[in-house]
Asks: 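For reference, the structure I am asking about is given below.
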Amino acid sequence: MFDITLIAIGKLKEKFYLSAAEEYAKRLKAYCNFQILELPEQRLPDDPSPAEIAAGLEKEASLIEARIPRGAWLCVLTPEGKMLSSEAFAETLAGVKLSGKSSACFLIGSSYGIAPRIKQAADLRVSMGPMTFPHHLARVMVLEQLYRAESIQAGSKYHK
């Protein structure tokens with residue numbers, strides 16, 4: 001069975017986000033070995049300088065690199081990434097599976113983004129669109145799209 005890991009910087013606290021995330025994680029487990037890894041967001045001053053932000057992102061990058069499964073295909077969620085329809089996202093994931101990879105890893109960064117070196121190392125950078133979303137909501141949205149992609153690949157009626 002294919003392995004999917006979602007790495008997210010920051011911890012979900014709100015019950016409604018937790019409930020939604022848990023529901024999609026449970027549904028995903030019918031299609032793949034799925035896990036969420038929450039990593040701590042670096043604490044920064046209220047009005048951080050660009051240098052402080054860059055240093056924080058580099059510390060997060062080290063934590064991220066240590067947790068990306070070895071040999072996994074890496075997809076980073078970032079505003080400057082490629083926008084995909086749900087069908088194209090499902091096709092991309094299916095292609096990864098057909099390529100011989102046994103795992104995929106998706107990354108949602110912190111409120112300040114993701115270190116450039118992690119973005120450059122990604123096999124794919126995906127944007128959720130030009131709007132800004134809270135990171136906790138973005139996590140639920142990514143989980144739903146992963147579930148939808150797996151449903152599309154399985155030919156289920158979830159995706160209409």
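Numbers here simply count residues along the sequence, with the first being 1.
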Asks: Tell me if a side-chain donor or acceptor on Asp123 pairs with a main-chain N or O of Leu74 at a distance below 3.5 Å.
Replies: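 Yes, the answer is positive, given that a donor and an acceptor are paired below the 3.5 Å cut-off.
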Asks: Below 4.5 Å, heavy atoms only, C-beta onward: do Phe106 and Leu93 meet side chain to side chain?
Replies: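 A side-chain contact exists here, since the closest heavy-atom pair is under 4.5 Å.
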Asks: Using every non-hydrogen atom in the two residues, find where Leu57 and Tyr112 come nearest and quote the distance to one decimal.
Replies: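 Heavy-atom minimum between the residues: CD1-O, 3.8 Å.
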Asks: Measure the NE2-OG distance between His135 and Ser110 for me, rounded to the nearest 0.5 Å.
Replies: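 Rounded to the nearest 0.5 Å, the NE2-OG separation comes out at 6.0 Å.
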Asks: Restricting to side-chain hydrogen bond (donor to acceptor under 3.5 Å, both in side chains), what partner residues turn up for Asn33, sequence neighbours left out?
Replies: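 Per chain and number, Asn33 pairs via side-chain hydrogen bond (donor to acceptor under 3.5 Å, both in side chains) with Asp3.
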Asks: As an exercise, state the distance from OG of Ser111 to CD of Glu41, rounded to the nearest 0.5 Å.
Replies: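 So the OG of Ser111 and the CD of Glu41 are separated by 4.0 Å.
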Asks: Do the side chains of Arg117 and Glu65 get close enough for a salt bridge, i.e. N-O under 4.0 angstrom?
Replies: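 Yes, charged N to carboxylate O under 4.0 Å.
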Asks: Does a side-chain heavy-atom distance below 4.5 Å link Pro40 with Leu63?
Replies: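 Yes, their side chains come closer than 4.5 Å.
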Asks: Between Ile4 and Cys32, which heavy-atom pair has the shortest distance, and what is it?
Replies: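 Smallest heavy-atom distance, with atoms named: CD1-SG, 3.8 Å.
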Asks: Count the heavy atoms of every other residue, nucleotide or ligand shown that sit under 6.0 Å from CZ of Arg67, and state whether that count exceeds 12.
Replies: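 For Arg67, atom CZ is not crowded (no more than 12 foreign heavy atoms under 6.0 Å).
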Asks: Can you name the nearest heavy-atom pair linking Lys119 to Arg125, along with the distance?
Replies: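 Heavy atoms of Lys119 and Arg125 come nearest at O-NH1, 2.8 Å.
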Asks: Would a single hydrophobic cluster contain both Ile36 and Tyr24, if residues Ile, Leu, Val, Met, Phe, Trp and Tyr are joined by side-chain heavy-atom contacts under 4.5 Å?
Replies: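 Yes; tracing contacts between hydrophobic side chains, which count when under 4.5 Å, links both residues.
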Asks: Can you hop from Tyr158 to Ile152 via hydrophobic side chains spaced under 4.5 Å?
Replies: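 No; tracing contacts between hydrophobic side chains, which count when under 4.5 Å, never links both residues.
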Asks: Would the distance check show the side chain of Thr78 and the main-chain N or O of Gly81 forming a donor-acceptor pair, the cut-off being under 3.5 Å?
Replies: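 A pair under 3.5 Å: no.
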Asks: Given side-chain contact (heavy atoms from CB on, under 4.5 Å), test Val142 with Met128 step by step and report yes or no.
Replies: CA-CA 9 Å; Val142 168; Met128 297 175 74; 4.0 Å; yes
Asks: Return the CD1 to CD1 distance between Ile9 and Ile108, rounded to the nearest 0.5 Å.
Replies: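 With rounding to 0.5 Å, CD1 (Ile9) is 10.0 Å from CD1 (Ile108).
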Asks: Does Leu143 form a side-chain contact (heavy atoms from CB on, under 4.5 Å) with Phe34? I'd like the steps, not just the answer.
Replies: CA-CA 10 Å; Leu143 288 167; Phe34 178 74; 3.2 Å; yes
Asks: Quick one: CZ on Phe89 to CG on Leu124, what's the gap to the nearest 0.5 Å?
Replies: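 It is 8.0 Å, given to the nearest 0.5 Å.
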Asks: Please determine if Arg27 and Glu150 form a salt bridge, counting it only when a charged side-chain N lies under 4.0 Å from a carboxylate O.
Replies: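 No.
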Asks: Decide yes or no for Trp73 and Thr92: does some side-chain heavy atom of the first lie under 4.5 Å from some side-chain heavy atom of the second?
Replies: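 Yes - at least one pair of side-chain heavy atoms lies under 4.5 Å apart.
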Asks: Rounded at 0.5 Å granularity, tell me how far CD in Glu14 sits from CG in Leu137.
Replies: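 Taking CD in Glu14 and CG in Leu137, the distance rounds to 10.5 Å.
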Asks: How about Val76 and Ile118: do any of their side-chain heavy atoms sit closer than 4.5 Å?
Replies: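 Val76 vs Ile118: side chains touch.
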Asks: Establish, yes or no, whether the cationic atom of Lys97 lies under 6.0 Å from the six-membered ring centre of Phe2 and within 45° of the ring axis.
Replies: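 Yes - Lys97 lies over the ring of Phe2, closer than 6.0 Å to its centre and within 45° of its axis.
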Asks: Starting from Leu107, can I reach Met83 by hopping between I/L/V/M/F/W/Y residues whose side chains sit under 4.5 Å apart?
Replies: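 Cluster IDs for Met83 and Leu107 differ.
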Asks: Mind listing the closest non-hydrogen atom pair of Ile7 and Ile64 along with its distance?
Replies: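 Taking every non-hydrogen atom into account, CD1-O, 4.3 Å.
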Asks: Are Ser127 and Glu80 side-chain neighbours, meaning at least one heavy-atom pair lies under 4.5 Å?
Replies: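 Ser127 does not reach Glu80 side chain to side chain.
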Asks: Give a yes or no answer on whether the side chain of Glu22 reaches the backbone of Ser19 with a donor-acceptor pair at less than 3.5 Å.
Replies: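 A pair under 3.5 Å: no.
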Asks: Would you call the rings of Tyr31 and Tyr147 parallel, tilted or perpendicular, where under 30° means parallel and over 60° means perpendicular?
Replies: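 Tilted.
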Asks: Are Ile114 and Met141 linked, directly or through other ILVMFWY residues, by side chains that come within less than 4.5 angstrom of each other?
Replies: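 No; Met141 is not reachable from Ile114 via cluster members.
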Asks: What's the shortest heavy-atom distance between Gly10 and Arg139, and which atoms?
Replies: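 Where Gly10 meets Arg139 most closely, the heavy atoms are O-NH2, 2.8 Å.
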Asks: Would you mind checking if Arg148 and Glu144 are paired as a salt bridge, meaning a charged N to carboxylate O distance below 4.0 Å?
Replies: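 Result for this pair is yes, salt bridge flagged.
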Asks: Measuring from Gln145:CD to Leu77:CG, what's the distance to the nearest 0.5 Å?
Replies: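 Between atom CD of Gln145 and atom CG of Leu77 there are 10.5 Å.
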Asks: Which pair of non-hydrogen atoms, one from Glu60 and one from Gln42, has the smallest distance, and what is that distance?
Replies: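 Of all heavy-atom pairs spanning Glu60 and Gln42, the closest is OE2-N, 3.0 Å.
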